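Have a look at the structure below, then the notes.
Everything numeric in this text was worked out from a predicted model, so none of it was measured.
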Amino acid sequence: MKKYILFPVVLVALVLSSNMVKAQAEDVANPLLQYINKDKGIRFTAGARLFADVAYYHSEYTPMKSGAALTDARIRTSLTYGPLYFYADFDFSKGTFKQKNIFVRYNFHESAYGIHSVKAGYFNEPSSMSLNASLYNYHFISRAAPAMALSAGRGLGITYKYYDATFFADQGLFAENKYNDQISGFQGVSLSGRWLYKPLNNEFITLHVGASFRYSRINTGEVVNNVFKTNVELESNMQTYVDGTTEFLNAQVPWAKNTITVGPEVLVVTSNMFLRGEYIYKRLYKKRNDEALFENQLGGVWSWTTLASWQAGNPMRSSKFQGAYVEMGYLLCGEGYGYDDEYGLLRGSSERGDLEIVARYSYTDLNDINKGDFFLIGKQVFYPGGVVADYPAVSTSIGGGRLHAATIGVNYTFNQYVKVMGEYQYSNLKNVYFPLDKNFHQLQMRLMVSF
C-alpha cells in the first residue's frame, strides 16, 4: 500500500523542485503545478482533488447511514509531448487504493476541419453522457441512477475519435475485464460508441443531439456443479455517496451472454442555462448448457425425467431494463456556461462567484417482472402465474427495483479551486424485496477542492 501512495507523491515533489513550476490562477483547466519545456514541446502537470460529503437520510423502514465521508481523494498526473498525451489518476478515498484512469492519446491529424485521435488504456467507454462527464465538472453531487445502473463504466480498450464544430464520433473496442481474470476461456469483449450532431454551436447557444450504442459479449463467470454460469449485476446507489448502498436498486441477471445498450441524448447550452437528457435501454440475451443442468438434477427429489420437461419447468428468456433522466440548470451569476467540443459535454462551473440552481428528475427501472407472477416475501422468490406451489416452479421475473427521484440543488464556486454544493432529493422506490420502503428523503452537501 505504501508504494502506491509514495509513487504519486514523488511525482509531485519532482514538480515542486523545478524552477519552472507555475501557479495558475487564471483558468480552472490549468493545473496548479506544471513543468513546461517549450524547446522540446514537453508539458508535465500534477494535481489533486478532494471531495468531502455530509448527508442526512430519512427512510421509512430500512435505515440509511447518515454522516460524513471522504468520497473522493485523487492524485492526477499528465504528460504532453507534441501530439502525444499521457494521463493517469489514482484514488485514495475510503482508505483504499483504486486505479481510475490511465491512458495515452495521440492526435494524428489536426486541422480547421477537425481533429482525429486514437486513445488506448483504461478509461470510460464512450457511452452515457452522464458517465463520461467528470464528477468535478458535474452539476450534481452524484450522477443519475439510470446511467450508473445501465451504462458502461471504465474499460481497458482502444478508441478512435473525430470531432469538429458540427460532428462528434467516438467509438472503440474494450475488454470485458482489465486483468483478464476470468476463470477460463476467452475474455469477453464490447464494442461501444457515441455519436453527436450539433446543428447549433456558436458563442450564444449549443444544441447537440445524438446517441450511444454498446454491444458486449459476456464470457466471465463461475463453475457451479461442473457447469459454467455467467451473471451480470446491474446496480446503482441512491444518487448519493455517503451511504453508497446499492441494495435498493440491484438486479442479478444469470446466464447473460450478449447485451445491447442504446441511449439517445440531447443537450442545450446557453450562457446562463442548460438542459440535457438521456434515455437508456438495455437488453440482455442469455445462454446456458441445458443438457448438463438436466443431467445434474437426475435422481433428485423433484427430478425432471426428460430434457424437454426440465426446459419447460426452467424457462429462460431475455431480460430488459430502462431508465431516463432530465437535468437543467440556471446560472444566477457568473461568467456563463460553456461547451466542450472535444468531449461533447457541458463544461463545469469554475469561475469565482458562479452561483447556480439545478434540478433533475430521474427514472430507473430494474424490474423485469412477468405479468401475473407472485412474489412471496417469506421465501424471497417469484411464483409464475400467481400460484404458490410446492413443486419446483421457476419464474423468469427479476425484481431489481424501480426508482423515481427528484433533486434540486444550489452550487457556489469560491474560486477555481474550491466549490460547495447542496442538494435535497426525494425518491420513491418500488422493490419487492423492500415492500415497506417507499419514500426516501435526503439532504447532502459537498466541499470540492481541486488543484
Side-chain angles (χ1 to χ4, degrees), residues 28-29 49 51-58 66 68 71-72 128-148 200 203-208 237-242 265-278 323-340 343 345-364 403-428 439-450:
V28 73
R49 83 180 192 191
F51 293 173
D53 292 7
V54 58
Y56 171 75
Y57 308 109
H58 180 269
S66 301
T71 55
D72 192 273
S128 163
M129 172 172 54
S130 177
L131 280 186
N132 276 269
S134 167
L135 269 181
Y136 185 78
N137 292 322
Y138 214 66
H139 296 256
F140 296 82
I141 289 178
S142 95
R143 297 184 177 94
M148 291 189 285
L200 298 173
E203 59 182 319
F204 303 107
I205 185 172
T206 296
L207 165 65
H208 89 216
N237 58 41
M238 298 290 283
Q239 298 184 162
T240 181
Y241 296 111
V242 173
E265 65 177 74
V266 62
L267 168 64
V268 181
V269 184
T270 68
S271 61
N272 62 351
M273 183 275 296
F274 75 82
L275 176 67
R276 62 186 174 191
E278 188 172 10
Y325 68 88
V326 59
E327 300 173 340
M328 63 180 302
Y330 184 80
L331 199 63
L332 297 173
C333 57
E335 295 296 321
Y337 292 121
Y339 182 80
D340 191 330
Y343 295 98
L345 298 169
L346 171 70
R347 293 186 185 273
S349 298
S350 58
E351 299 296 329
R352 181 193 300 270
D354 280 358
L355 176 64
E356 66 173 341
I357 55 174
V358 295
R360 172 172 67 196
Y361 165 75
S362 68
Y363 166 72
T364 311
L403 184 74
H404 295 265
T407 307
I408 56 173
V410 178
N411 306 321
Y412 180 75
T413 304
F414 287 97
N415 53 51
Q416 63 173 330
Y417 305 118
V418 181
K419 299 180 186 179
V420 291
M421 309 176 76
E423 286 183 358
Y424 164 75
Q425 178 175 294
Y426 166 75
S427 304
N428 180 263
N439 301 298
F440 293 77
H441 302 268
Q442 62 188 43
L443 286 168
Q444 53 184 338
M445 293 188 65
R446 167 173 290 170
L447 172 66
M448 307 172 64
V449 181
S450 180

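- In plain terms, the two heavy atoms of Ala147 and Leu131 that are nearest each other are O-CD1, 3.5 Å.
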Walk me through it: do Ser142 and Arg360 pass the test side-chain contact (heavy atoms from CB on, under 4.5 Å)?
CA-CA 11 Å; Ser142 95; Arg360 172 172 67 196; 3.9 Å; yes
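- One finds the OH atom of Tyr57 at 11.0 Å from the OG atom of Ser427 (value rounded to the nearest 0.5 Å).
- A distance of 11.0 Å separates OH of Tyr330 from CG of Leu355, quoted to the nearest 0.5 Å.
- Relative orientation of the His208 and Tyr339 rings is perpendicular, given thresholds of 30° and 60° on the angle between their planes.
- Taking a 6.0 Å sphere around NE2 of His58, one finds it holds 12 or fewer heavy atoms contributed by other residues, nucleotides or ligands.
- Put simply, the side chain of Asn137 does not reach to within 4.5 Å of the side chain of Arg347, judged on heavy atoms.
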Begin with the C-alpha distance, continue with both residues' side-chain angles, and end with the deciding distance and a verdict on side-chain contact (heavy atoms from CB on, under 4.5 Å) for Leu275 and Met273.
CA-CA 7 Å; Leu275 176 67; Met273 183 275 296; 4.2 Å; yes
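- For the 3.5 Å distance criterion, the side chains of Glu327 and His139 fail to qualify, holding no donor opposite an acceptor.
- Here CD of Gln239 is found 8.5 Å from CD of Glu423. Values are rounded to the nearest 0.5 Å.
- Contact record, Gly353 with Cys333: O-SG, 3.4 Å, taken as the closest heavy-atom pair.
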Start with the C-alpha gap between Ile141 and Leu135, add the side-chain angles, then the distance that decides, and say whether side-chain contact (heavy atoms from CB on, under 4.5 Å) holds.
CA-CA 8 Å; Ile141 289 178; Leu135 269 181; over 6 Å; no
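- Summarising the geometry, atom CZ belonging to Arg49 is positioned 7.0 Å from atom CE belonging to Met448; distances are rounded to the nearest 0.5 Å.
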Working for ring-ring contact (aromatic ring centres under 6.0 Å, His included), residues Tyr363 and Tyr361:
CA-CA 7 Å; Tyr363 166 72; Tyr361 165 75; 7.2 Å; no
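- Residues Tyr337 and Phe274 share a closest heavy-atom pair of CZ-CD2, 3.7 Å.
- Donor-acceptor pairing under 3.5 Å is lacking for the side chains of Tyr325 and Thr364.
- With hydrogens and angles left out, the side-chain atoms of Tyr426 and His404 include no donor and acceptor closer than 3.5 Å.
- Here the closest non-hydrogen pair linking Ser271 and Leu331 is O-CD2, 4.1 Å.
- The two residues Pro146 and Ser362 have their closest heavy-atom pair at CD-CB, 4.0 Å.
- Here the straight-line distance linking atom CG of Asp340 with atom CG of Leu346 works out to 9.5 Å at 0.5 Å rounding.
- The shortest heavy-atom contact between Leu332 and Ile357 is CD1-CG2, 4.0 Å.
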Where do Ile205 and Val268 land on the side-chain contact (heavy atoms from CB on, under 4.5 Å) test, with the steps shown first?
CA-CA 7 Å; Ile205 185 172; Val268 181; 4.3 Å; yes
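- Judged purely by atom type and a 3.5 angstrom limit, Lys419 has no side-chain atom pairing as donor or acceptor with the backbone of Asp354.
- With Arg143 contributing its side chain and Tyr138 its backbone, the two residues share no donor-acceptor pair below 3.5 Å.
- In this structure, Val266 and Leu207 have side chains that are in contact, with non-hydrogen atoms separated by less than 4.5 Å.
- From Asn439, atom CG reaches atom CG of Asn428 across 5.5 Å, with rounding to the nearest 0.5 Å.
- The shortest side-chain heavy-atom distance between Phe440 and Gln425 does not fall under the 4.5 Å cut-off.
- Between Leu447 and Val418 there is a side-chain heavy-atom pair separated by less than 4.5 Å.
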